[in-house]
Amino acid sequence: MSGWLGVWLGVWMVSGCGLPTDASSGEQEALGSAQQGVQTKPRLASGRTHSIVVHSDGTVWTSGENIAGQLGDGTTTNRSTPVKAQGLSGVVTVAAGDFHSLAVRSDGTVWAWGSNSYGQLGDGTTTLRSTPVQVQGLSGVVAVAASITHSLAVRFDGTVWAWGDNYYGQLGDGTTSGRRTPVQVLGLSGAVAIAAGTDYSLAVRSDGTVWSWGSNLYGGLGSGSSIYSRSTPAQVPGLTKVVNVATGGYYHSLALRSDGTVWAWGYNSYGQLGTGNRDDSLKPVQVKGLSGAVSVSAGTYFSLAVRSDGTVWGWGANDVGQLGTGSRGSDALLTATPLLGLSGTLAVAAGYDFALAMRSDGTVWGWGRNDGGQLGNGTSLDHLARVQTQGMSDAVTAASARDHTLAVRSNGTVWAWGRNDRGQLGDDTTTFRSTPVQVQGLGDVVAVAAGTYFSLAVRSDGTVWGWGYNYYGQLGDGTTSDRRTPVQVQGLGDVVAVAAGENHALAVRSDGTLWSWGYNYHGQLGDGATVIRNTPAQVPGLSGIVAVAAGESFSLAVRSDGTVWAWGRNNEGQLGNGTTTYLSTPTPVQVPGLSGVTAVAAGITHSLAMRFDGTVWAWGSNYNGQLGDGTSWARLTPVQVTGLSGVMAIAAGESFSAAVRSDGSVWTWGFNDEGQLGDGTTSTRYTPEQVPGLSGVASLAAGDDFSAVVRFDGTVWAWGFNYDGQLGNGLPLFVTTASRTLY
């Protein structure tokens with residue numbers, strides 16, 4: 001599967017790494033175990049605003065900002081879903097600088113791409129590279145590190161090599177002359193780990209000592225002195241039995257010792273040293289309240305650690321949610337604090353003000369700033385709590401429509417079940433299916449959407465494919481012929497998200513433009529007309545779009561500034577603009593009184609919006625309590641859903657609503673005659689109630705009268721109306737509690 005699907009965190013041992021000779025046998029065993037963890041080659045890296053993951057097949061996948069070509073896909077286009085770095089295979093480890101990237105292949109060669117103004121790509125030039133080029137004169141490399149303008153590599157023989165900017169002596173060759181190709185760091189042998197900070201460098205030797213060189217601003221060298229800089233390595237005093245080091249984006253450093261303690265030094269205005277205060281430190285001090293650590297990573301003004309129990313702990317700045325605690329604020333966390341709901345973690349990578357974590361099940365999760373799409377989840381919205389990167393477990397995402405469901409598996413295939421009279425299951429039949437069948441001829445899929453009788457899929461190359469009912473041109477292939485297998489939507493590329501209404505479709509491109517096609521009697525295409533379109537056309541007057549939703553005959557969009565825009569039919573106030581009009585509103589209008597929105601969902605005639613603070617707001621039809629405000633009165637402008645906070649995902653059915661909270665629980669409200677609320681009853685609910693017996697939920701989808709969720713373990717669960725087999729569980733009629741799909 002293309003993208004980050006099926007990532008496997010392999011263990012790749014660095015050869016030739018000894019143990020400290022002064023350790024006791026028990027200490028040697030502990031240190032050996034810890035060093036094995038440290039020597040696991042990183043297959044996950046975060047730059048300033050971009051991310052890198054190594055796929056299990058040795059290919060490299062990237063997302064985020066790409067202004068300098070640091071994604072390696074041959075362009076300088078930002079990507080909010082992963083793209084493949086060109087021409088790389090057999091990669092075993094990666095590193096990310098601010099605007100450049102490094103990869104080590106299994107043959108020991110190093111490859112680089114991105115910004116190169118200081119020669120940090122090591123190819124002998126200062127030419128920007130948007131595809132990987134080989135670093136000159138290096139072989140037998142086992143590890144790499146990258147900073148803003150310089151790069152480091154460790155060879156199998158324990159020597160360290162450096163290239164790029166050298167104004168402060170950060171290359172360690174005894175000079176301050178920049179190097180466009182690698183030079184050996186002087187006087188250093190037996191290196192087993194390296195880190196590249198802002199204008200300085202660190203190395204761990206096999207005897208557990210730490211060595212530093214380069215700039216000493218704010219005490220970044222940990223020498224205990226205020227020396228300006230050093231152009232050759234010197235030992236950091238007071239540190240022994242160290243197994244790994246990390247450097248932040250602005251002169252702070254971390255060291256992990258074999259006993260699981262973490263030590264820090266350097267700049268500390270945001271509490272990134274974890275000492276309980278904001279005082280800079282010229283020498284290593286212990287991070288408070290943290291034990292049992294097995295790995296560390298440092299962002300610009302924050303720090304992260306993974307403990308042996310798989311939990312992630314963070315401290316320092318949290319102004320954009322980079323600590324993943326589920327909140328943001330100007331007050332930094334001065335001591336280590338556990339992140340919200342993240343367990344089973346193997347590795348973390350901290351960027352400028354975002355972070356990624358890889359769990360033992362192979363899933364990758366991100367949080368913090370996402371303006372360049374660096375979280376890889378298909379949006380450019382910040383996330384205060386963890387959000388799953390697209391496509392990282394067996395079942396990675398799902399979509400439901402009136403009577404059918406779609407699921408994307410980790411290998412990029414799409415599976416479908418339920419009603420199929422118009423070919424909406426894509427298996428080249430019109431046979432209804434009560435258990436999943438594979439959509440034919442479609443792979444590398446990263447996202448899906450389900451319309452009333454048709455389906456859409458986005459592939460990792462940004463193309464969109466459709467199948468099923470097409471009388472109104474909703475498949476976008478230039479015809480009105482139904483399709484029982486996928487056909488490509490014409491003239492549309494670089495798509496990062498899609499939505500499907502009753503008979504119309506929406507797509508968001510990576511440049512933030514919005515495109516639409518299909519039925520348009522109510523102006524739901526937003527193009528100012530009511531003319532049916534069988535190929536996509538751009539929605540005028542909207543830019544910076546990051547999320548969309550399609551109702552029965554209306555549409556919603558979220559802009560990057562957090563505002564919500566709506567157009568189409570408004571007979572029940574579903575546009576949220578304070579009016580009810582039977583006549584269409586064929587161009588987008590702003591929904592008043594809403595800001596900071598990160599996602600929207602649309603039912604038949606009601607709408608939902610999720611704000612960055614985890615609250616949910618609703619408007620439109622409310623006869624069955626689907627707005628969740630405790631009443632049955634229609635609302636023409638948004639009202640807050642009662643008693644619901646910490647929400648990370650929302651969905652809207654015909655006359656009911658659902659939400660997933662950051663703790664993995666599911667909450668539902670509204671009409672319940674077919675058990676679509678999953679609470680074991682058929683009683684309508686006017687405020688949210690928790691779905692019992694269901695936890696660890698990552699995403700959800702809602703059909704007309706049923707719901708489906710994907711759990712963190714990749715299983716799919718569903719409940720509600722099941723006459724056409726839309727629950728995929730082989731059971732008849734309807735189910736009022738969650739049951740596992742036969743998948």
Side-chain angles (χ1 to χ4, degrees), residues 2-4 44-53 60-86 88 94 96-101 112-117 128-132 146 148 249 299-300 320-322 349 351-356 364 366-383 387-391 444 446-447 458-464 492-498 507-515 538 542-548 557-562 598-599:
S2 296
W4 293 356
L44 181 73
S46 298
R48 184 181 182 91
T49 52
H50 76 290
S51 303
I52 310 174
V53 169
V60 174
W61 294 79
T62 58
S63 69
E65 190 173 57
N66 197 27
I67 188 172
Q70 60 263 46
L71 301 189
D73 67 340
T75 77
T76 54
T77 302
N78 293 357
R79 306 289 187 177
S80 61
T81 53
V83 292
K84 185 177 180 180
Q86 292 187 11
L88 275 183
V94 287
D98 272 31
F99 301 105
H100 76 289
S101 306
W113 60 97
S115 176
N116 197 26
S117 53
L128 178 150
R129 307 288 187 178
S130 62
T131 56
I148 301 176
T300 298
V320 292
Q322 57 265 57
Y352 185 84
D353 45 17
F354 74 101
L356 301 176
V364 173
W367 57 91
R369 188 179 296 280
N370 194 32
D371 53 342
Q374 54 265 46
L375 300 187
N377 68 335
T379 78
S380 57
L381 296 173
D382 298 349
H383 286 271
V387 59
Q388 189 171 359
T389 299
Q390 283 192 1
D444 296 337
V446 295
V458 181
R459 296 185 62 200
S460 60
D461 61 4
T463 58
V464 181
L492 202 57
D494 291 323
V495 171
V496 295
V498 289
V508 182
R509 295 185 61 195
S510 59
D511 61 4
T513 57
L514 182 61
W515 298 68
Q538 186 174 348
L542 277 183
S543 60
I545 301 302
V546 296
V548 288
V558 181
R559 295 186 62 193
S560 56
D561 60 5
T598 60

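Nothing fancy with the numbering, it's 1 onward along the sequence.
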Provide the closest heavy-atom pair for Val498 versus Ala507 in the form atom of the first, atom of the second, distance.
-> CG1-CB, 4.0 Å

Between the side chain of Asp73 and the main-chain N/O of Ala85, is any donor-acceptor distance below 3.5 Å?
-> no

Smallest heavy-atom separation, Asn78 atom then Ser510 atom, equals O-CB, 4.0 Å

Distance-only, no hydrogens or angles: does the Ser130 side chain make a donor-acceptor pair with backbone N or O of Thr76 under 3.5 Å?
-> no

Of Asp494, Ile545, Val546, the residue whose pairing with Val508 passes side chain to side chain contact (heavy atoms under 4.5 Å, CB included) = Ile545

Hey, are the side chains of Glu65 and Phe99 touching, using non-hydrogen atoms and a 4.5 Å cut-off?
-> yes

If we only count heavy atoms from C-beta on, is the Trp515 to Gln538 side-chain gap below 4.5 Å?
-> yes

State, to 0.1 Å, how close Ser46 and Ala349 come at their nearest heavy-atom pair, and which atoms those are.
-> OG-O, 3.2 Å

Looking at CH2 of Trp113 and NE2 of His100, how far apart are the two atoms once the value is rounded to the nearest 0.5 Å?
-> 10.0 Å

Might you work through the side chain to side chain contact (heavy atoms under 4.5 Å, CB included) test for Val496 and Arg509, ending with a clear yes or no?
-> CA-CA 6 Å; Val496 295; Arg509 295 185 61 195; over 6 Å; no

Residues, nucleotides or ligands: over 12 heavy atoms within 6.0 Å of Leu128 CG = yes

Single hit among Thr131, Leu71, Val60, Thr75 for side chain to side chain contact (heavy atoms under 4.5 Å, CB included) with Gln86 | Thr131

Under 4.5 Å between any side-chain heavy atoms of Pro82 and Val53, yes or no?
-> no

To the nearest 0.5 angstrom, please state how far the CZ atom of Arg79 sits from the NZ atom of Lys84.
-> 14.5 Å

Closest heavy-atom contact between Ala547 and Thr598?
-> CB-O, 4.1 Å

Rounded to the nearest 0.5 Å, what separation is found between the CG atom of Asn116 and the CZ atom of Arg129?
-> 7.0 Å

What distance do Phe354 atom CZ and His50 atom NE2 have between them, rounded to the nearest 0.5 Å?
-> 8.0 Å

Compare every heavy atom of Pro132 with every heavy atom of Gly72, then report the nearest pair and how far apart it is.
-> O-CD, 3.9 Å

Output for pair (Ser115 OG, Gln70 CD), nearest 0.5 Å, gives 8.0 Å

